[in-house]
Amino acid sequence: MNDYPSDWNSVEEQTPQIPEEPEYPLAEPPRPRRRPAQEAMPSRPGRRGGDGLSKLALAVSVIALAVAGTALFFSLRGEEETVEPPPAPPETVTFQFGDRTLTPLEGMPVNPYDRSAFTQDSQGRIHYEKDGKRAKTGVDVSTYQKDIDWQAVAADGIEFAILRLGYRGYTEGGLFMDETFAQNLRGASDAGLEVGVYFFSQAITPEEAEAEAAYVLNAVAGYEIAYPIAFDWEPVAPGQGARTDGLDNGALTRCADAFCAKVKAAGYRPAVYFNQSLGYLRYDLRELTEYDLWLAEYDSKPDFYYHFDLWQYTHTGRVAGIEGDVDLDLDLR
């Protein structure tokens, strides 16, 4: 706001009074007599009036400059007073996971999915459709599902299957094939489903993870694997003497990266499977963004903060041709 005084005193210019010229009669005026040389000439009235005008004009100019300078000072002062302060720094973004308050990983892409585009049908299956693109529905299975009628599975709307290929023992660390992998691979492929595989890892070094990847690549050689080959590392319950007890987060992330890098180098599409706890508290997902991320979160809409590609939304799904519960997944890519 400009702080100008309420009144400014105006300066009135005063016109100097110039003596009038004497009036002479029409008759010839008397001739002036010669003055003595020593007699001083009187001052001319007109000359005295000119000096007064010059002084008054100078005074008016000085006052005008003073007024203009004062106005400029208050104008600049008003501009300074109305300048807005710099904006406050943005508040730190956080989100909740259980009773924990977490700060997002810098540079990690966030969950891009429209929650309103997730729907649930009468069978309890989740669907996602956005901008004319529909997510595919799939299952992931292992020997725990026993014998599967894959033709019935395909007829029940299932479009892809991710099969457990094998696992590493959590005590002595041996590598083993899943007992039903070969028959599931043949059955799912013959039924027209797109197939991927996963390996249950208990690696504790990147070298062990690479050995697991080599084991998988050898087993799938010659087969059509259209879906990802996934690294599935999970902690074992305390007290079981697991070789992975105490594995630090950095080592775990390096193991996942080593497995996926070897799979990618062989021409397949790698993925990392994890639940929310592993995704938030163990893995540095920024190191794994060049691979597909497969989230396990059992809910009707995924709340996971970061980006993911595949979503396992239940472990109690029901599908024709499979006895008992089965994991159901959406491919959101």
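Small disclaimer: the values here were computed from a predicted structure and weren't measured.
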Is Arg164 paired with Asp327 through a side-chain N to carboxylate O contact shorter than 4.0 Å? no
Check whether any side-chain N or O of Arg168 sits under 3.5 Å from a backbone N or O of Glu208 as a donor-acceptor pair, and report yes or no. yes
In short, ring pair (Phe, Tyr, Trp, His ring centres under 6.0 Å) pairs touching residues 140-164 with sequence neighbours left out are Phe160-Tyr227
Do any N or O atoms from the side chain of Asn249 and from the backbone of Leu281 form a donor-acceptor pair under 3.5 angstrom? yes
Same apolar cluster (I L V M F W Y, side chains within < 4.5 Å links), Ile162/Val326: no
For Leu278, does its backbone N or O pair with a side-chain atom of Asn275 as donor and acceptor, under 3.5 Å? yes
Are Lys146 and Thr180 close enough that some pair of their side-chain heavy atoms sits under 4.5 Å apart? no
Compute the centroid of each ring, for Phe274 and then for Phe304, and state whether the two points are separated by less than 6.0 Å. yes
In terms of heavy-atom contacts, does CD of Gln96 have more than 12 from other residues, nucleotides or ligands at under 6.0 Å? yes
Minimum-distance pair of heavy atoms, taken over all atoms of Tyr306 and Leu105: OH-N, 2.9 Å
Nearest 0.5 Å, please: how far is CG in Asp284 from CZ in Arg282? 12.5 Å
Measure the NE2-CG distance between His307 and Leu285 for me, rounded to the nearest 0.5 Å. 10.5 Å
Please give me the minimum heavy-atom distance between Leu193 and Ala154, naming the atom from each residue. CD1-CB, 3.3 Å
Can any side-chain N or O of Asp178 pair as donor or acceptor with the backbone N or O of Thr143 at less than 3.5 Å? yes
Step by step, would you call Thr244 with Tyr170 a side chain to side chain contact (heavy atoms under 4.5 Å, CB included)? CA-CA 7 Å; Thr244 52; Tyr170 63 80; 5.5 Å; no
Checking the side chain of Tyr268 only, and the main-chain atoms of Ile229 only, is there a donor and an acceptor separated by less than 3.5 Å? no
Look up atom CG in Asn184 and atom CG in Asp147, then write down how far apart they are to the nearest 0.5 Å. 8.5 Å
Taking the ring of Tyr198 and the ring of Tyr273, is the distance between their centroids below 6.0 Å? no
The single option from Phe181, Phe176, Phe199, Phe200 passing ring-ring contact (aromatic ring centres under 6.0 Å, His included) against Tyr167: Phe176
Side chains of residues 254-266: which donor-acceptor partners sit under 3.5 Å, not counting sequence neighbours?
unit_1, atom_1, unit_2, atom_2, d
Arg254, NH1, Gly250, O, 3.4
Asp257, OD1, Tyr291, OH, 2.7
Lys264, NZ, Glu290, OE1, 3.0

Heavy-atom pair of closest approach, residues Leu310 and Arg333: CD2-NE, 4.3 Å
Under the side chain to side chain contact (heavy atoms under 4.5 Å, CB included) criterion, do Leu165 and Met177 qualify, and how do the steps go? CA-CA 6 Å; Leu165 183 144; Met177 290 289 294; 3.8 Å; yes
Return the minimal non-hydrogen interatomic distance between Pro109 and Thr289, and the atom names on each side. CD-CG2, 4.2 Å
Classify the ring geometry between Tyr280 and Phe95 as parallel (under 30°), tilted (30 to 60°) or perpendicular (over 60°). tilted
With the threshold set at 4.0 Å, does a side-chain nitrogen-carboxylate oxygen contact exist between Asp131 and Lys133? no
Are Leu288 and Leu102 linked, directly or through other ILVMFWY residues, by side chains that come within less than 4.5 angstrom of each other? yes
Just by modelled atom types, is the Asp292 backbone N or O under 3.5 Å from a matching donor or acceptor in the Arg269 side chain? no
Mind checking side chain to side chain donor-acceptor pair (under 3.5 Å) for Asp248 and listing every partner two or more places apart, or none if nothing turns up? none
Side chain to side chain donor-acceptor pair (under 3.5 Å): which pairs involve residues 229-239, sequence neighbours left out? none
Spatial distance of atom OG (Ser142) from atom CD (Glu179) [nearest 0.5 Å]: 10.0 Å
Other residues, nucleotides, ligands: >12 heavy atoms within 6.0 Å of Glu323 CD: no
Under 4.5 Å between any side-chain heavy atoms of Leu328 and Val319, yes or no? yes
Euclidean distance, Ile204 CD1 relative to Arg243 CZ, rounded to 0.5 Å: 4.0 Å
More than 12 heavy atoms of other residues, nucleotides or ligands under 6.0 Å from OH of Tyr298: yes or no? yes
For Asp114, is there any backbone N or O sitting under 3.5 Å from a side-chain donor or acceptor partner on Tyr128? yes
Residues which pass side chain to side chain donor-acceptor pair (under 3.5 Å) with Thr94, listed by chain and number, not counting sequence neighbours: none
Rounded to the nearest 0.5 Å, how far apart are CG of Leu295 and CG of Leu330? 11.0 Å
Nearest heavy-atom approach of Val141 to Ile322 is CG1-CD1, 4.4 Å
Check: Lys130 side chain, Tyr113 main-chain N or O, donor-acceptor pair, under 3.5 Å: no
Quick check on side-chain hydrogen bond (donor to acceptor under 3.5 Å, both in side chains): which of Asp331, Asp329, Asp140 does Trp294 satisfy it with? Asp329
Return yes if some donor-acceptor pair links the side-chain N/O of Glu297 with the main-chain N/O of Asp303 below 3.5 Å, else return no. yes
Would you say CD of Gln123 has more than 12 non-hydrogen atoms from neighbouring residues, nucleotides or ligands within 6.0 angstrom? yes
Dump the intermediate steps for side-chain hydrogen bond (donor to acceptor under 3.5 Å, both in side chains) on Glu212 and Ser201, then the final yes or no. CA-CA 7 Å; Glu212 292 172 351; Ser201 172; 2.7 Å; yes
Pairwise salt bridge (charged side-chain N to carboxylate O under 4.0 Å, His left out) hits with a residue in residues 309-318, at least two apart: Arg318-Asp325
Using modelled atom types only, decide if a donor and an acceptor are shared between the side chain of Tyr223 and the backbone of Arg186 within a distance under 3.5 Å. no
What's the shortest heavy-atom distance between Gln202 and Gly169, and which atoms? CB-O, 4.1 Å
Could you walk me through whether Gln276 and Tyr305 pass the side chain to side chain contact (heavy atoms under 4.5 Å, CB included) check? CA-CA 9 Å; Gln276 292 186 87; Tyr305 188 84; over 6 Å; no
Take Arg125 and Asp156, measure what side chain to side chain contact (heavy atoms under 4.5 Å, CB included) needs, and give me the verdict at the end. CA-CA 12 Å; Arg125 294 183 188 175; Asp156 198 18; 2.6 Å; yes
